[in-house]
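Contents: one structure, followed by commentary.
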Amino acid sequence: MTAAMYSFMATCKKNGIDEQEWLTDVFRRIQSHKHKDLYQLLPNNWEKFRNLEN
């Protein structure tokens, strides 16, 4: 799990995303997010999909 988190944080940095903002948003939205749409929460897709409602 630790390696996955480091990977997520590195992807956030690579994409110029605030890691804390991304993680807070993901924790808030993941429970209600559809399984098929989880790719939207990945750091490299997050900016594009962050304002969409489920």
Side-chain angles (χ1 to χ4, degrees):
M1 184 66 164
T2 303
M5 289 307 296
Y6 279 119
S7 178
F8 286 140
M9 296 303 119
T11 304
C12 283
K13 285 184 183 200
K14 179 180 175 186
N15 288 290
I17 296 170
D18 180 308
E19 299 95 337
Q20 185 173 358
E21 182 181 359
W22 171 77
L23 194 57
T24 301
D25 183 58
V26 168
F27 282 155
R28 182 180 55 81
R29 294 172 47 194
I30 198 164
Q31 289 291 333
S32 62
H33 222 68
K34 294 178 183 169
H35 185 265
K36 68 180 183 76
D37 294 332
L38 287 177
Y39 73 93
Q40 296 174 351
L41 300 179
L42 295 174
N44 54 328
N45 297 326
W46 180 74
E47 287 270 54
K48 183 171 33 171
F49 294 106
R50 71 191 255 184
N51 294 322
L52 296 179
E53 293 296 321
N54 292 328

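Values below: all heavy atoms of this structure, side chains included; hydrogens, waters and symmetry mates excluded.
The neighbour count for Y39 OH, taken as heavy atoms of other residues, nucleotides or ligands under 6.0 Å away, is above 12.
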List the steps and the verdict of side chain to side chain contact (heavy atoms under 4.5 Å, CB included) for L41 and F49.
CA-CA 8 Å; L41 300 179; F49 294 106; over 6 Å; no

Derivation of the side chain to side chain contact (heavy atoms under 4.5 Å, CB included) call for I30 and L38
CA-CA 8 Å; I30 198 164; L38 287 177; 4.1 Å; yes

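Listed here is the closest heavy atom pair of M5 and L23: CE-CD1, 3.9 Å.
The side chain to side chain donor-acceptor pair (under 3.5 Å) contacts involving residues 4-23 comprise E21-R50, where partners must be two or more places apart or lie in separate chains.
Considering only residues two or more places apart in sequence or on other chains, W46 meets the side-chain hydrogen bond (donor to acceptor under 3.5 Å, both in side chains) condition with D25.
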